[in-house]
Structures are given as C-alpha cells and as structure tokens.
Amino acid sequence: MDVDGTLADGKKWKELSHHGVLFPPPYAPLKPTVHMLYDDEPCPLAPAAEEVALFYAGMMKRDYVKHAVFNKNFMADWKTQMSAAEKAKITDLSKCDFSKMSAYLDANSEARKARPKEEKEVEKIQKAALKEKYGFAVIDGERCAIGNYNVEPPGLFQGRGEHPKMGKLKARLRPEDVTINVSDRASAPAPPPGTKWKEVVCKDDVTWLAAWTENIAGNSKYVMLAADSPLKQRADLEKYEKARRLKVLAPKIREAYTQMLKSTQMVDRQKSTALYFIDRLALRAGGEKDTEEEADTVGCCNLRFEHVFCEQSEDGETKYIRFDFPGKDSIRYENTVEVAVQVWKNIRIFKKEPKGPGDQLFDRLKVPELNAYLKDFMPGLTAKVWRTYNASITLQEQLKSTPVDGAVEEKFLAYQRANRAVAVLCNHQRGASKQHGAQVEKMDEALTDIKKQLKESKKKLKEEKKGDKNAKKVEQLKKKIAGLEVREKKKEIAKVDKEENKTIALSTSKLNYLDPRISAQWCKMHNVPRSKVYNKTQQTKFKWAIAFIEYETKIWEF
DNA sequence: GCCCGAACTTAGCATTAGGGAT
DNA sequence: ATCCCTAATGCTAAGTTCGGGC
C-alpha cells in the first residue's frame with residue numbers, strides 16, 4: 001500500500017461493498033387550505049408546481065428572493081413544472097403571495113421542535129438504524145463510515161456571490177440517475193423497489209461508492225467515505241508529507257524564481273511573479289472560469305488588471321502591491337503588501353497599455369504551466385501545496401510564543417492566535433453572527449459582575465482583618481477572592497478570543513491546512529488536553545496524526 | 001499541446017444537538 | 001426539568017488537479 005491510499009498498482013481497493021444511497025421521501029402535496037395567492041386570489045397548484053413553489057416559500061427570509069437573477073431563473077424553471085393552465089395564469093412572480101405556504105413551513109418546524117420527547121427519541125432511533133444500514137461500507141475487509149449517504153434533495157440552487165444560475169431548480173434524483181460502484185456486481189445493493197440504478201460499475205481506481213450528475217452545471221457528485229476511513233487518513237498524511245518536503249525545497253525554488261523575475265521571456269516573468277505571490281501570500285492557483293456559467297471570482301493566475309495596484313511610500317523607497325479581488329466563494333481579498341522592487345516593476349509592466357480593466361494580469365500564464373514548472377522541483381508539487389505548507393509553517397512559528405508557564409487558558413489563547421494568524425493568511429472569513437454584539441455585551445456584564453464581587457470581597461477581607469480577625473472567615477474570603485480572580489482572567493481571555501474571531505473562521509484552516517501533528521505535538525509539549533484543540537469529530541479525523549506523535553517529535557523542525 | 005470531464009479537496013453557511021444555566 | 005445558547009454537525013457549492021481524447 002502506498003501512502004496516498006493507492007495500492008501499489010494504482011488501485012484504491014480490492015473489495016468494496018455497501019448498501020447504496022438513501023433518497024429523500026417523495027413530495028407530499030399540501031392540504032388545500034395551504035395554497036399560494038395569485039393576484040390576491042387563492043391559486044391552488046398541482047403537486048409538481050406546488051413542490052417548487054414550496055421551495056421558494058421556504059426561502060422568503062433569505063436575501064436570494066430579492067435578487068433579480070434568482071427570481072428570473074426560478075420563474076423560468078418553475079414554469080417547466082406547471083400545467084398549461086398554470087403556465088397561462090401565473091406570469092408575474094410579484095403577483096405570487098407565498099405567505100400561507102411560508103407560515104405553514106414555519107408552523108411545521110415549530111411543531112417538530114415541540115413534539116414530545118418520546119416521539120423525538122423514536123425518530124432518533126429510526127435515523128440511527130438507517131445510518132447503521134446505509135452509513136457504512138466494507139472496503140478490503142474493514143467497515144468504514146460513509147461521509148454522505150443521503151443523496152441531495154431537490155431544491156433551488158443557492159450559488160454564492162453573483163452566480164448566474166442562482167434560483168434554478170435542482171432536480172429530484174431518481175435511482176435511474178445514480179451509478180453504483182462496488183467490487184462485485186452480483187452483490188450490488190438493490191435499488192428501491194420498482195426502480196433501477198443508472199449503472200453498476202466496478203471502478204477500483206476511484207474512491208467513490210456512488211455518483212450522479214447534477215443538473216445545474218452538469219458536475220459530478222459523489223458519495224465517499226468519511227474522514228476517519230483508512231483511505232482518507234492516508235491521503236491526509238500524504239498531503240502534509242508533501243508540504244513538509246516543500247519546506248526543504250522552498251529555499252532552492254525561491255532562489256530560482258527570484259532569478260526568473262528578471263527574465264527576458266514574458267512567460268517566465270509572469271510565472272515567477274505569480275509564484276512569488278503564491279509563496280508569500282498563500283494565494284490559490286486561480287484556474288480559468290466561465291463567467292457565463294459561474295460567479296466571477298479569481299485566484300492568482302487569473303487576476304485581472306482591476307484587481308492589483310502598484311503603490312509606494314512617499315519617498316518611493318518602499319514598494320507595495322494592493323490586492324482587491326473576489327476569491328473563492330466570492331469572499332473579498334483585500335491586502336496591501338510590501339514587495340520586492342522587481343515584483344513591483346513586473347506588475348507595472350503587466351498592467352501597461354493597452355491593457356485595461358477586464359484584461360488578464362498574467363496573460364501568458366495558465367495554472368497548468370505553473371504546476372508543470374513546480375513539478376520539476378518535486379513530483380506532485382503544485383500551487384496548492386504552497387498553501388498547505390504556508391499555513392502549517394505559520395502555525396509552527398506562531399506557536400513558539402506560547403507562554404511556557406501560563407495557565408491552560410493562556411496557552412490556549414496563544415494557540416487560538418496562532419490559528420488566527422493562519423486564517424488571516426488564508427483569508428478564511430465568515431459573516432459576523434447576528435448575536436456577536438449581544439454575546440460580547442453579555443461577557444462584559446459578567447465581567448463587571450465579577451469585578452464588583454471581587455471589590456466587595458476584598459473590602460470584607462480588609463474589615464475582617466481589622467476587626468475580630470476570625471481566621472476561618474479570613475481564609476474563606478481569601479479563597480473566594482482567588483476563585484474570582486481566576487474567573488475574571490478566564491472571562492477576559494474568552495472575550496478577547498471572541499472579539500478577535502468576529503469575522504475570522506478558524507475551522508477551515510484547522511480542518512484542511514494545518515498539519516495535525518503540529519497541534520498534537522503542541523498539546524503534548526504544553527500539557528494541554530487534546531480536547532481543547534480538537535473536538536471529538538476532529539480527533540477522529542486526525543487519529544493518524546495522534547498515533548504519529550507517539551514516536552516522532554518536532555515534525556516540522558528539521 | 002490543449003481542452004474538458006472526472007475526481008477529490010476546500011469552503012462557508014444553516015441546522016441541530018447537547019451541555020450548562022436557571 | 002426545561003430552556004437557551006453555543007458548539008458540532010450536516011450540507012453542498014466551489015475550488016484544484018489529473019488524465020484521457022483529440
């Protein structure tokens with residue numbers, strides 16, 4: 001077996017069996033009292049159109065329904081589900097009133113929440129039974145959890161950013177749409193009664209158990225094993241080993257591309273400048289995108305004229321590049337960084353007339369060329385490896401400022417800050433939660449309260465010492481004060497942590513970019529319980545790393 | 001070489017569960 | 001015991017990379 005989970009002959013497994021996928025229940029039409037109004041008149045719909053209307057009704061609280069593209073796409077696809085009569089009548093979305101349907105959905109979910117405990121318990125058991133059957137596959141003799149055994153239900157497509165396909169109808173999947181992958185066709189899972197699978201295949205060079213084609217962009221969707229499966233564990237290890245190898249090679253590669261910044265070949269200048277950004281800023285590769293079909297977002301190689309700006313200090317000594325572009329998931333990337341003079345000069349050249357807004361900054365460069373260049377330094381080295389390397393090395397460096405003899409809370413704050421530095425580097429953002437302000441306020445109140453108690457207790461202690469000097473009481477008060485001081489410190493740390501996390505998401509880097517061996521090592525070294533850094537699921541995902549550090553130390557120091 | 005589809009990783013948001021406060 | 005909030009989980013969209021076909 002090879003480390004990336006591939007068997008020596010390029011196969012992912014020898015034996016694979018599972019129970020297929022689970023489909024959502026068929027659509028249950030609404031009671032006649034719950035209907036749409038059209039032009040203020042009741043307008044009952046046949047089930048096909050009603051189901052799609054209900055999808056829309058379920059999104060009335062979302063911003064999507066205010067979006068012209070969403071509404072246009074929705075209307076077009078909704079019509080495909082209408083009868084001729086419905087189509088003739090319903091021509092204007094603004095005349096559709098879904099409020100009864102929305103209210104019905106709200107009432108439904110309230111009622112679900114309010115169900116008696118026993119009923120919820122029964123449902124839980126039923127769900128567990130389904131997981132027991134459909135949630136596991138046997139791969140080379142080992143029973144492994146499956147990541148996603150429920151096929152995606154129908155609904156309205158919720159693309160991120162200015163996605164041209166938002167609001168389109170995501171079709172309901174039938175067994176006839178789903179391909180099943182197993183090692184033995186004869187013992188393939190049975191499709192639901194009266195149906196057939198699209199196909200049963202025995203593809204042992206892939207890891208998916210089932211696949212289908214989604215109807216919005218025509219992309220493939222897969223059912224795959226969960227993160228704790230040997231296949232995924234080995235792939236994760238291999239990813240970080242590659243990044244670790246890059247650490248050794250990076251100085252050599254830097255030397256090479258720094259030379260190339262001055263190349264007479266425009267392709268090479270662009271290649272080296274792009275790599276400079278990927279190395280220094282951990283930018284994504286930035287492959288080509290079809291703006292007719294998807295949101296307009298960019299990464300490094302497909303940056304355009306309008307995304308980068310050459311700036312400098314007043315004396316002209318220090319050169320800066322300012323970046324401002326929509327990245328993956330349409331998350332804005334804004335950053336101004338000091339750069340080598342040659343890089344700054346290059347960008348000025350790449351932006352020279354006749355180039356203008358809309359034009360590619362690196363017009364001679366495509367991701368495959370950059371990756372081909374990297375491959376010569378190390379097999380498997382691609383732009384993405386730099387991001388992993390950058391994130392992990394940043395964590396490793398930042399963790400060095402952990403207070404050696406601080407309390408666990410202080411050490412953990414240092415860890416959070418190291419994690420945060422990585423999240424900032426990778427531009428992992430999140431929308432500030434609606435309750436953020438209230439939560440901080442609450443913490444402030446709690447702090448004020450602790451401080452007040454502390455003041456009172458201290459005053460009492462002083463009086464007690466002056467007064468009848470009850471030794472027991474003095475002792476009690478001292479204890480109370482010490483306890484309050486610990487609580488105060490904890491709360492203050494937690495508040496700092498919360499405030500600093502307002503719009504920064506730590507989980508993405510923790511889950512995908514930070515070598516878990518560094519974190520496991522850190523816990524061991526600083527005597528911090530591993531559960532402080534990784535919850536149960538994360539510990540399962542990273543069990544390979546936890547096993548690793550029993551034998552190895554200083555994973556990223558060599 | 002280039003284009004495109006397949007495969008797999010990375011991403012943020014919505015929902016749910018469960019643990020602490022009352 | 002219940003309620004409420006946070007943390008965990010679920011979900012699926014959006015990236016990167018690879019490899020096969022022309």
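All of these numbers come straight from a predicted model, not from anything done at the bench. Note on naming: letters A, B, ... go to the chains in the order of the sequence lines (proteins, then strands), and numbering restarts at 1 for each one.
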Please work out if [X] contacts a base, only the sugar-phosphate, or nothing of the nucleic acid, heavy-atom cut-off 4.0 Å.
| X | answer |
| --- | --- |
| A/Gln429 | sugar-phosphate |
| A/Lys510 | nothing |
| A/Arg62 | sugar-phosphate |
| A/Lys232 | sugar-phosphate |
| A/Ser507 | nothing |
| A/Lys239 | sugar-phosphate |
| A/Lys120 | nothing |

Polar side chain donor-acceptor pair, [X] to [Y], under 3.5 angstrom:
| X | Y | answer |
| --- | --- | --- |
| A/Glu162 | A/His67 | yes |
| A/Asp279 | A/Tyr257 | yes |
| A/Asn371 | A/Glu369 | no |
| A/Tyr534 | A/Ser519 | yes |

Kindly say whether the aromatic ring centers of [X] and [Y] come within a distance under 6.0 Å.
| X | Y | result |
| --- | --- | --- |
| A/Tyr134 | A/His18 | no |
| A/His19 | A/Phe136 | no |
| A/Trp78 | A/Tyr56 | no |

Set of residues satisfying salt bridge (Lys or Arg N to Asp or Glu O under 4.0 Å) with respect to [X], sequence neighbours excluded:
| X | answer |
| --- | --- |
| A/Glu241 | A/Arg244, A/Arg517 |
| A/Arg387 | none |
| A/Glu294 | none |

5'-most by nearest nucleotide on DNA chain B - A/Lys124 or A/His428: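 Result: A/His428.
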
Residue whose nearest DNA chain B nucleotide is more 5′ - A/Asn512 or A/Trp208: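 Mapping each residue to its closest nucleotide by heavy atoms, the 5'-most match is A/Trp208.
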
Residue pairs involving residues 505-514 of chain A (criterion salt bridge (charged side-chain N to carboxylate O under 4.0 Å, His left out); sequence neighbours excluded):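 Every candidate salt bridge (charged side-chain N to carboxylate O under 4.0 Å, His left out) pair involving residues 505-514 of chain A fails, so no pair, neighbours aside, qualifies.
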
Pairs flagged by salt bridge (charged side-chain N to carboxylate O under 4.0 Å, His left out) wherever residues 109-119 of chain A is involved - sequence neighbours left out: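 Counting only pairs at least two positions apart or across chains, the salt bridge (charged side-chain N to carboxylate O under 4.0 Å, His left out) contacts touching residues 109-119 of chain A are A/Glu110-A/Lys113, A/Arg112-A/Glu123, A/Arg115-A/Glu123.
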
What pairs of nitrogen or oxygen atoms, one from the protein and one from nucleotides 20-22 of chain C, lie under 3.5 Å apart?
none

Inter-axis angle, terminal five-pair segments of the helix from B/dG1-C/dC22 to B/dT22-C/dA1 [nearest 10°]: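 Angle reported: 20°, given to the nearest ten degrees.
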
Distance, rounded to the nearest Å, where A/Lys502 contributes NZ and C/dT6 contributes C1':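 Atom-to-atom, A/Lys502 to C/dT6, this comes out as 18 Å.
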
Rounded distance in Å - NZ (A/Lys113) to P (C/dC3):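 One finds 12 Å between P of C/dC3 and NZ of A/Lys113, rounded.
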
A/Tyr27: ring-ring contact (aromatic ring centres under 6.0 Å, His included) partners, not counting sequence neighbours: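 Residues passing ring-ring contact (aromatic ring centres under 6.0 Å, His included) with A/Tyr27: none at all.
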
Polar atom pairs between nucleotides 11-14 of chain C and protein, under 3.5 Å, N or O only, would you list them?
unit_1	atom_1	unit_2	atom_2	d
C/dA13	OP1	A/Lys170	NZ	3.2
C/dA13	OP2	A/Lys221	NZ	2.6
C/dA14	OP1	A/Arg160	N	2.6
C/dA14	OP2	A/His163	NE2	3.3

Considering all heavy atoms, the nearest A/Lys170-A/Asn215 contact: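 Taking every non-hydrogen atom into account, CA-OD1, 3.6 Å.
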
Show me the donor-acceptor pairs, under 3.5 Å and distance only, between side chains in residues 218-232 of chain A and residues at least two apart or in other chains.
unit_1	atom_1	unit_2	atom_2	d
A/Lys221	NZ	A/Glu152	OE1	3.2
A/Lys221	NZ	A/Glu152	OE2	3.1
A/Ser229	OG	A/Ala226	O	2.8
A/Ser229	OG	A/Lys232	N	3.4

Pick out the pairs of N or O atoms, protein on one side and nucleotides 16-19 of chain C on the other, that lie under 3.5 Å.
unit_1	atom_1	unit_2	atom_2	d
C/dT16	OP1	A/Ala285	N	3.3
C/dT16	OP1	A/Gly286	N	2.6
C/dT16	OP2	A/Gly287	N	3.1
C/dT17	OP1	A/Thr382	OG1	2.7
C/dT17	OP1	A/Ala383	N	3.3
C/dT17	OP1	A/Lys384	N	2.7
C/dT17	OP2	A/Asn371	ND2	3.0
C/dC18	OP2	A/Lys375	NZ	3.3

Outermost nucleotides of DNA chain B that come under 4.0 Å of a non-hydrogen atom of chain A: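 Contact boundaries, 5' end first: B/dA6 to B/dG18.
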
Mutual orientation of the aromatic rings belonging to A/Tyr415 and A/Phe412 [parallel < 30°, tilted 30-60°, perpendicular > 60°]: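 It falls in the parallel class, under 30°.
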
